[in-house]
**Student:** 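Submitted below is the structure of interest, expressed as structure tokens.
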Amino acid sequence: MNGRLASSSRSALSVARRAAAFGRRRMVALGELWQRSLQFRVTTSTLALSSAVVFVLGVVLQNQIVDRLVETKERAALEQLRVAVRTAESQLVGDAGESDSLRKRLSSAIKAITNGSVGTQDTENSAAGAFEPVLVAGDPRRAVEEVIHAGPLEKVPGGLMNYAENNQVAVQYHTEDGSTYLIVGAPVTTATRPIQLYLLFPLNTEQNTVAMVQNTLLVGSAFLVVLLAVITFMVTRQVVLPVRRAAAAAEDFAEGDLDRRLDVDGEDDLAKLAVSYNEMAASIQRQIRQLEEFGQLQRRFTSDVSHELRTPLTTVRMAADVLYASRDEFPPGLSRSSELLVNELDRFETLLRDLLEISRLDAGVEELSAESTDVRSIVHSAVEQVRGVLEGNTGSDIVLELPDEEVTAEVDSRRVERILRNLLANAVDHGEGHPVRLILAADDHAVALSVRDYGVGLRPGEAELVFNRFWRADPSRNRRTGGTGLGLAISHEDARLHGGWLEAWGEPGCGSCFRLTLPRVAGDTLRHSPVPLPPDPPAESGGTAGENREATAVLSASQDRDGSEAVVNVVEQEETR
């Protein structure tokens, strides 16, 4: 028995949970529909407000009808009572007798009231309607069987008898055996003893009338509310549909369909909206095409100029190399000039190469040659490329934090190496001699590289500007690396070709950090980065930024004095406190 009860309880609990879950889902769906659909909100609000208004009006109308029915019934009942009292007085004039004779006279008076001119009138057309008369002689406070009366005295409440006994006209509503009566009473003046007359008016007809009014109001209210909801839905639809069409056209326009326009019907406000939208779309289309033509001209000009400059630059390079080779034979001033000429020609060639790269990227003709590669090898190759920069900056060591196992990803090695080379050169140039940290981390979906320096940092708002072409944080600052101002812009485009992110962070006096995040599989969509930005707190108490962040593994790229190959030393150090 207990087992069946427990099973039934578990079943009931499971059903209740499913019902609650279903209710929550329905509520969530309605909430989403409420947020998305203007038509649903307007229709629902109109339905709720109209229901409240119809309910209030229905209650007011019902009360008015009931009050009018009751007032009419009471007035007619009192008029009927006065007529009945006169009839009873005419029947009970003189000595009414005792006991049986009195009871007979009261019965005769009841018959006279019922069968007389009052009783024989058309009761269906009478305002008061049918009634039951009761005559009571003597003290009505005695027991019913001791009181001399004629008619259903048990239906008359005692409180009403007290009013009538005190020579007052009384009115009272009373329910007896499921039937409601309007009871009116008044004293009957006779020569011998006090007699009270009561008329009992059944309210069945009035109750049926009120019930019919209630049903009519309910049906009419429901029909009216539904009709209002339908009307609101149709009217709102006339406004919402053009707005939806305009929203769809705007979405198509934003996605690149510049020829999308709205149909103009009529001359109303919505038609004016369509006309204004079409004019705006046409103006934007013209401006976009003008910008595209201007961009094409600009890219063509950059490409043409870069190509045209290569021929005279080659001639100048040959002449400069001849002068540079003979610089020992020149006076000191001319020798230094030849060295400066060669250095600036190197920078000029780099600038032309970057301009050609930028023009190809702008034209969208660059393609990604992705292949599965160990990213650690790309890191080491980039560090070797920056070795020449480190020769003049003996204090800028590169700190490598690489995993012990392979980190494979489908990337274009040439482009990733170029990104790292630009980031490392930029970090060394702005690191003020402090170590530069390069961190590599990966998870199942992404691989991330961050280059962190502890130099001058970036001011607020400059992190969004560093990837602009030819932008410099401090134009008056002397560069040690001789960059062209296009390296970070090209790096940003290379990261975009991979479907990755290149982000910057910096604070004045705390250094800066650049994070490159790439998908491990070409074509995947990035959702997060395995390395935070920055990878360490921006500031610590005590010591300088470089002193507080001593590396755990330092890769020192330097050359021996005799020009031998660079020696890579990994030094384990403790963090200074």
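Quick caveat: nothing in here was measured; it's all calculated off a predicted structure. Numbers here are sequence positions counted from 1.
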**Student:** Which heavy atom in Arg261 sits nearest to a heavy atom in Ala281, and how many Å separate them?
**Tutor:** NH1-CB, 3.7 Å
**Student:** How about His498 and Asp412: do any of their side-chain heavy atoms sit closer than 4.5 Å?
**Tutor:** yes
**Student:** As a test of understanding, state which of Pro530, Ser450, Pro403 forms a side-chain contact (heavy atoms from CB on, under 4.5 Å) with Leu440.
**Tutor:** Pro403
**Student:** State, with a plain yes or no, whether a side-chain heavy atom of Trp501 is found less than 4.5 Å away from one of Leu526.
**Tutor:** yes
**Student:** For Ser413 versus Thr373, what's the shortest heavy-atom pair and its separation?
**Tutor:** OG-OG1, 3.4 Å
**Student:** Would you indicate whether the side-chain heavy atoms of Arg286 and Ser283 approach each other to under 4.5 Å?
**Tutor:** yes
**Student:** For a quick test of reading the model, state the closest non-hydrogen atom pair linking Val375 to Ala409 and the distance between them.
**Tutor:** CG2-CB, 4.1 Å
**Student:** Measure the CD1-CG distance between Ile378 and Leu449 for me, rounded to the nearest 0.5 Å.
**Tutor:** 8.5 Å
**Student:** So, do Leu497 and Arg415 sit near enough that their side-chain heavy atoms are less than 4.5 Å apart?
**Tutor:** yes
**Student:** With sequence neighbours left out, what residues match Ser381 under side-chain hydrogen bond (donor to acceptor under 3.5 Å, both in side chains)?
**Tutor:** Glu417
**Student:** Between atom CG of Leu258 and atom CZ of Phe253, what is the distance when rounded to the nearest 0.5 Å?
**Tutor:** 5.0 Å
**Student:** Which residue pairs satisfy the salt bridge (charged side-chain N to carboxylate O under 4.0 Å, His left out) criterion with at least one member in residues 510-521, sequence neighbours excluded?
**Tutor:** Glu503-Arg515
**Student:** Please tell me whether His434 and Tyr454 form a close aromatic pair, meaning their ring centres lie under 6.0 Å apart.
**Tutor:** no
**Student:** Do Glu432 and Asp453 have side-chain heavy atoms sitting under 4.5 Å apart?
**Tutor:** no
**Student:** Consider side-chain contact (heavy atoms from CB on, under 4.5 Å). Of Asn422, Ile419, Val411, which one does Asp494 pass it with?
**Tutor:** Ile419
**Student:** Are Leu488 and Phe514 close enough that some pair of their side-chain heavy atoms sits under 4.5 Å apart?
**Tutor:** yes
**Student:** Rounded to the nearest 0.5 Å, how far apart are CG of Leu228 and OG of Ser50?
**Tutor:** 5.0 Å
**Student:** Would you mind reporting whether Gln290 and Ile288 have side-chain heavy atoms less than 4.5 Å apart?
**Tutor:** no
**Student:** State whether Arg260 and Asp257 are salt-bridged, where the test is any N-O pair (Lys NZ or Arg NE/NH1/NH2 against Asp/Glu carboxylate O) under 4.0 Å.
**Tutor:** no
**Student:** Any idea which heavy atoms bring Thr408 and Ser372 closest together, and the distance?
**Tutor:** CB-OG, 4.1 Å
**Student:** Among all residues two or more places apart in sequence or in another chain, which pass the side chain to side chain contact (heavy atoms under 4.5 Å, CB included) test with Arg527?
**Tutor:** none
**Student:** For the atom pair OG1 (Thr517) and NE2 (His445), what is the distance rounded to the nearest 0.5 Å?
**Tutor:** 14.0 Å
**Student:** Can you name the side-chain hydrogen bond (donor to acceptor under 3.5 Å, both in side chains) partners of Asp374, sequence neighbours left out?
**Tutor:** Arg376
**Student:** Search all heavy atoms of Arg452 against all heavy atoms of Cys513 and return the closest pair with its distance.
**Tutor:** CD-CB, 3.5 Å
**Student:** Kindly check if the number of other-residue, nucleotide or ligand heavy atoms within 6.0 Å of CZ (Arg41) is above 12?
**Tutor:** yes
**Student:** Kindly write out the residues that satisfy side-chain hydrogen bond (donor to acceptor under 3.5 Å, both in side chains) with Arg18, not counting sequence neighbours, or none if the list is empty.
**Tutor:** Ser14
**Student:** So, using side-chain hydrogen bond (donor to acceptor under 3.5 Å, both in side chains) as the criterion, who are the partners of Arg245 when residues are at least two apart?
**Tutor:** none
**Student:** Where does the angle between the aromatic ring planes of Phe467 and His492 fall among parallel (under 30°), tilted (30 to 60°) and perpendicular (over 60°)?
**Tutor:** tilted
**Student:** How long is the straight-line distance from CG of Leu402 back to CG of Leu438, given to the nearest 0.5 Å?
**Tutor:** 7.0 Å
**Student:** Report yes if the side chains of Val416 and Leu518 come closer than 4.5 Å at any heavy-atom pair, otherwise no.
**Tutor:** yes
**Student:** I need the minimum non-hydrogen distance between Val399 and Pro435, along with the two atoms involved.
**Tutor:** CG2-CB, 3.9 Å
